[in-house]
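Letters A, B, ... are given to chains in the order of the sequence lines, protein chains preceding strands, and every chain is numbered from 1.
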2 protein chains.
Amino acid sequence: MTDVAREVGVTAKTVSRVLNDDGPVAIETRERVMAAVRKLGYQPNLMARNMRVGARDAAIGLVIPEMGNPFFGTVAGGIESAVRARGLTLIVGSSSETAELEQSLIATFLARRVSALIVVPSAGSDHRYLRTERIAGLPIVFLDRPAVGLTADSVVSGNRAGAQAGIEHLIGYGHRRIGFIGDLPATLYTRRERFQGYRDALEGAGLPFDRALVETGHDQEAARAATLRLLALDRPPTALFAANNLASMGAVVALARAGRRDVALVGFDDLPLAEVLDPPLTVVAQDPAAIGEVAAELVLSRLDGDRSRARRSLVPTRLIVRGSGELPALS
Amino acid sequence: MTDVAREVGVTAKTVSRVLNDDGPVAIETRERVMAAVRKLGYQPNLMARNMRVGARDAAIGLVIPEMGNPFFGTVAGGIESAVRARGLTLIVGSSSETAELEQSLIATFLARRVSALIVVPSAGSDHRYLRTERIAGLPIVFLDRPAVGLTADSVVSGNRAGAQAGIEHLIGYGHRRIGFIGDLPATLYTRRERFQGYRDALEGAGLPFDRALVETGHDQEAARAATLRLLALDRPPTALFAANNLASMGAVVALARAGRRDVALVGFDDLPLAEVLDPPLTVVAQDPAAIGEVAAELVLSRLDGDRSRARRSLVPTRLIVRGSGELPALS
DNA sequence: TTGACATATGTCAACGATGACATTGAATCA
DNA sequence: TGATTCAATGTCATCGTTGACATATGTCAA
């Protein structure tokens, strides 16, 4: 900026005035400044500006478990567009689903003085240490899973009700033994909630709960193996419920390879080509873009000074019937 | 920091020394400072630090067209992990495939004084305006598509060779009329390259080129419609080549709904459930994680002072044979 | 003609941190 | 013992920018 000022023969302050439309500047001076700016390719230093005005960085920090996962990718996309409409920038880090990385990312973001945080908590993380920031008024929104040890806004899917609806759907087609393939670790919020929905549905229908029907697979491969284990049981399930998108994919692959078109399947979270699978996959669909947008709007309203109590937003799920969930129980 | 200093009864400089392990500090002082830091929940202000040391922001800016697209999501993931291993933060923006948004994002990143830029160029963008930064030594790497009007590093897939291999594969199964479903706009680098590969293969086999067999679909819906148009031709193709992942999905859906198991299909870019489709989808697979990592390494070596000539890295593709590409030409 | 007021610009300090250099006191050495 | 060295801390200026306030020039009504 000093360079520009020298080029024009004015003070930095005048250049600043031109660039920020702040205070009166002679038209001719303005033009000469703009010309010098272009000539020198000058770009204001946002860091210095933010520091001076004492403002926080015009950025919001986002922590997600995995960028490659389309669910979180879509969520991030929803957040980004909403947030950029307000001139804010998105800073992203992925925690690889570990509490340590999550905390270190958050520390980095705080050191950068981001204006707000949006966090998908990892299993086992504890957010008590964020109390100071909460009290200082920093907007913090938890996504997909609520905070632990901290009262804060959160936006989550209707996991329990959604899973329950999915299981009830299967029960409606005569299934009495329904396998559950869930996330690892079993303490993960979404896993627990969906599992509760599973049990709610069983109980509602007066069906017994059989621990042997509960399997775990934290990625597609593990879910595939878990599916095979379920099918190999003495009294195998006639239907499966896959509690997340990777589990669904693993189950689909396992059933397809085994040629088992007789086993019903409902997945939690939609998949891109679900409709052309054989049989087409019935799912309890989440709305990742909506989750992202709701979270972004919550953050923006907090930035606008909304100091009301912490909210938990439930984004409803939707059962999409395509075929795999409507296979009747034969045995 | 001043607060911490006052709490302990020393100067800010001493606190700075403790936190940066810079210069001698009495053990007792160090401990009291650390205690005060914890007590006050102090976190150093990275913006101020960067400004003072005149360093650029320890962040790299990434511009991708769409966060929800798993291809770019995976690329971003590869970059992020490589980059964070070096203590750098990733700032992401999506351009929605428009040159204007791309340029405004880059401007934001430059104003933040990022240490490097990684950009997936949008169709129609021109990067001449980045010359100043290039000359100033800012590492800029273009991803998936090369820069326009600027000599700079780039990392791209082996589009032309990959497409050629895919088409040759189809020709090998007797196909002589092969439909091409490409991106919009047709000027997009990846579209052009893959189209060239298509023509190379035809020419190599002495097959005629028929403009009527070239269709365009910029998303899944459009690709589905494009597929239907191709199938409705007087002399329809016996095989299809879908030039990107969304085009593949559209083609798969169209063929499945029409019950056309006789039309061969090869897609460019792999899909998650390709193997369980009916028939399983043969693809020319890209390696998005590798693309991201190669780009990140290139950036890091530039940050380490590598001033050699601009490089273009080609990440090879791989033909994955699954079934849909091996359907013989019947007509 | 003289304030009063608006316009155009400048001066200075400060945001939070650290580099360069100065100061203090104690230990070490010729 | 006085000079030398080093550890421990302080002082001051500065990074690029902008708020608060000051100054200079011109305009206009009384």
J.: Counting heavy atoms from C-beta on, name the nucleotide in C:dT7, C:dT18, D:dG19 closest to the side chain of B:A12.
T.: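 Of the candidates, C:dT18 comes closest.
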J.: Looking only at side-chain N and O atoms, does A:S157 offer a donor or acceptor that is under 3.5 Å from a partner on A:N159?
T.: no
J.: Do the side-chain N or O atoms of B:S16 get closer than 4.0 angstrom to the phosphate oxygens (OP1, OP2) of C:dA17?
T.: no
J.: Calculate the interatomic distance between B:D3 atom CG and C:dA17 atom C1'; express it in whole Å.
T.: 14 Å
J.: Could you state the CE-P distance from A:M51 to D:dT18, rounded to the nearest angstrom?
T.: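 Whole-Å distance recorded here is 12 Å.
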J.: Measure the distance from CD on B:E28 to C1' on D:dA8 and round it to the nearest whole Å.
T.: 12 Å
J.: Using atom CG of B:D22 as one end and atom C1' of D:dT9 as the other, report the distance to the nearest whole Å.
T.: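 Distance check: B:D22 CG to D:dT9 C1' gives 13 Å.
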J.: Has the side chain of B:R84 got a donor or acceptor atom that lies under 3.5 Å from a matching backbone atom of A:S94?
T.: yes
J.: Between D:dT18, D:dG16, C:dA20, which nucleotide has the shortest distance from any of its atoms to the side chain of A:K13?
T.: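 Nearest to the side chain of A:K13 among the choices is D:dT18.
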J.: Would you indicate what A:T29 reaches in the nucleic acid, counting non-hydrogen atoms under 4.0 angstrom: base, sugar-phosphate, or nothing?
T.: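 Answer is sugar-phosphate: A:T29 comes under 4.0 Å of backbone atoms only.
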J.: Has the side chain of A:R191 got a donor or acceptor atom that lies under 3.5 Å from a matching backbone atom of A:D183?
T.: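 Looks like yes, one N/O pair under 3.5 Å.
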J.: Just checking A:N20: base, sugar-phosphate only, or nothing, at a heavy-atom cut-off of under 4.0 Å?
T.: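 A:N20: backbone/sugar contact only, no base atoms under 4.0 Å.
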J.: State the pairing partner of D:dA13; accept Watson-Crick or G-U wobble contacts with both distances under 3.5 Å, and report none otherwise.
T.: C:dT18
J.: Go nucleotide by nucleotide along DNA chain D from the 5' end; which of B:R52 and B:R17 gets its closest nucleotide reached first?
T.: B:R17
J.: According to a strict under-4.0 Å criterion, is B:T11 in side-chain N/O contact with OP1 or OP2 of D:dT9?
T.: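 It does not, given that no N or O in the side chain of B:T11 lies less than 4.0 Å from OP1 or OP2 of D:dT9.
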J.: For a quick test of reading the model: is some side-chain N or O of B:T14 closer than 4.0 Å to OP1 or OP2 of D:dA8?
T.: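 For D:dA8, OP1/OP2 do not have a side-chain N/O of B:T14 under 4.0 Å.
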J.: Whole angstrom is fine here: how far is it from CZ in B:R6 over to C1' in C:dG16?
T.: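 From B:R6 CZ to C:dG16 C1': 13 Å.
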J.: What's the CG-P distance between B:D21 and D:dA8, to the nearest Å?
T.: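 Distance check: B:D21 CG to D:dA8 P gives 13 Å.
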J.: Do side-chain atoms of B:R134 reach the backbone of B:T151 as a donor and acceptor pair under 3.5 angstrom?
T.: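 Yes, because the side chain of B:R134 sits within donor-acceptor range (under 3.5 Å) of the backbone of B:T151.
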J.: Could you state the CG-P distance from B:L46 to C:dT18, rounded to the nearest angstrom?
T.: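 Result: 10 Å.
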J.: Which whole-number value in Å describes the distance from B:I27 CD1 to D:dA7 C1'?
T.: 12 Å
J.: Quick one: does A:S16's side chain have a donor or acceptor within less than 3.5 Å of a partner on A:A12's backbone?
T.: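 Here the side-chain-to-backbone pair does not exist.
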